[in-house]
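Following: one structure in structure tokens, then a few remarks.
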2 protein chains.
Amino acid sequence: MMGKLTAGMIAERALEIGDAEGLDAVTIRRLAADLGVTPMALYWHYKNKEQLLIGMADHLIGGFAPEPADERPWQEQLRDLTRGLVRTLRAHPCAKDVIEQIDAVEVPNFLAVWDLALGLARDAGFSVEESCLITKYLLQSAIAIADAPVHHQAGRSDEEVARIVRVKRLGLETLPVERYPHLVEMAGPLVGAMSPEVCDTFGVDLVLAGIEALAAGR
Amino acid sequence: MMGKLTAGMIAERALEIGDAEGLDAVTIRRLAADLGVTPMALYWHYKNKEQLLIGMADHLIGGFAPEPADERPWQEQLRDLTRGLVRTLRAHPCAKDVIEQIDAVEVPNFLAVWDLALGLARDAGFSVEESCLITKYLLQSAIAIADAPVHHQAGRSDEEVARIVRVKRLGLETLPVERYPHLVEMAGPLVGAMSPEVCDTFGVDLVLAGIEALAAGR
DNA sequence: ACCTGAACACCGTTCAAGT
DNA sequence: ACCTGAACACCGTTCAAGT
């Protein structure tokens, strides 16, 4: 009805649904209904659902276009890259789930980030194999840092989310305190939202500090 | 036919299928058929599929029973814990996928590991919020380090796996070398298996070094 | 307590056909 | 080139019923 359907439109709408209601809600049929089209129409633009998920990831990472490598020290560049990744992931509640379901190699926009990170790791003096491990570690760590503790898996209202968090906290608080002293004590912070400052500074520092420490030993 | 069905047996068989053929192959119906039982029989032992996945994770982590906190320095204890996690995860090809699909809070055996890690982080001098982030980071990092580059998602023979790896490597090698110089150069190591020594030493060092460096600043 | 049988509402996907 | 319609093989799950 309103202009032609494009792969980009589909990926965008899929991300909206995923962010708002959880990735499980992103169904070929549901997505097609939202777009006012037949489920089969999507198969013209994406070969199958896996390709759609790759399209979503590509669109997601596309919003984070890191600067190409320059002459600054690698530490600084790697820090910018990590910070950018964390920020991008945190902007999309379903980012974690999307990335987990696909192979990064298939995501064009991710390849640029990956290549940049690999180059910086090499600059730091790490071997080829070590650099491979570091870049995987970097992505996983960014996910750990960006991941909100509340699963948005079922697009609930704020009240529903608050209820789920309360139930979870209670579940931890009522654990046997002699066996799980720390879980009981930290139940609140564990299930609650992480403060953005801690994420962006402490979290990024944590990742970078490890890499820098090992680089110093090379 | 051969003794009663138990929740443990079900989780065990599910893990076997998951490790051999990928988690997608773990289906209520398929699992029931393997156990010589009706699909509905499983619903007596697990309320739904989510609970079954939690059971799988619990059984998986159960194989890794870390020593309770003792008087050794926290660095040493945290290192042992990380190494144990990595080893356990690497022993089960589907571990990553199982853990990603569930909430760690629901997995009893994981709570013990988590509590231990939280206590060690507190010992290191980190704040409550920082300790929460560190423990999440620890799990994600262990996953990154343990994760085999070859997805076992479709229980293929070794020859099939080798073919997939070759195709993937070729995909990277044929990328425009001026845009992705490092991906093209490191295509082999990127898609190939990581050597166990690098995983167990360099990988664990990487995670620990970051934590230790930040602890020194506390 | 433990399991079966039939049925329901949903998937992703193929294939032929329309324009 | 782009989309529809009908059909297929598969899910997880409920519910009543059996022993």
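Throughout, a chain's letter reflects where its sequence line sits, starting with A, and its residues are numbered from 1. Just so it is clear, the values below take in all heavy atoms, side chains as well, and ignore hydrogens, waters and symmetry mates.
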Check the distance between [N]'s [atom2] and [X]'s [atom1] and give it to me in whole angstrom.
X     : N     : atom1 : atom2 : value
A:Y46 : D:dC2 : OH    : P     : 14 Å
B:L35 : C:dT4 : CG    : C1'   : 16 Å
A:M9  : D:dC2 : CE    : P     : 13 Å
B:L42 : C:dC3 : CG    : P     : 9 Å

| request: Using a 4.0 Å cut-off on protein heavy atoms (strictly under), produce a 5'-to-3' string for nucleotides 12-19 of chain C with B for base contact, S for backbone-only sugar-phosphate contact, and - for none. | output: BBB-----
| note | With the side chain defined as heavy atoms from C-beta on, B:A41 is closest, among D:dT4, C:dT4, C:dC2, to C:dT4
| Going by atom types alone, do B:Q140 and A:S141 pair a side-chain donor with an acceptor below 3.5 Å? |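 Per modelled atom types, B:Q140 and A:S141 side chains form no pair under 3.5 Å.
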Once salt bridge (Lys or Arg N to Asp or Glu O under 4.0 Å) is applied, do any residues pair with [X], and if so which ones, sequence neighbours excluded?
X      : result
B:E106 : none
A:E16  : A:R13
A:E130 : A:R218
B:D58  : none

| task | Indicate yes or no: does B:K168 engage A:D103 in a salt bridge with an N to O separation below 4.0 Å. | result | yes
| field | Ionic contact status for B:R90 with B:D147, cut-off 4.0 Å | value | no
| note | Here the helical stems involving DNA chain C, each at least 3 consecutive Watson-Crick or G-U pairs closer than 3.5 Å, sorted by first residue number, are C:4-8 with D:12-16, C:12-16 with D:4-8
| Rounded to the nearest 0.5 Å, what separation is found between the NZ atom of B:K136 and the OG atom of B:S131? |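 The NZ atom of B:K136 sits 12.0 Å away from the OG atom of B:S131.
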| Think A:H45 has a side-chain N or O under 4.0 angstrom from the OP1 or OP2 of D:dA1? |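 For A:H45, the contact criterion (side-chain N or O under 4.0 Å from OP1 or OP2 of D:dA1) is not met.
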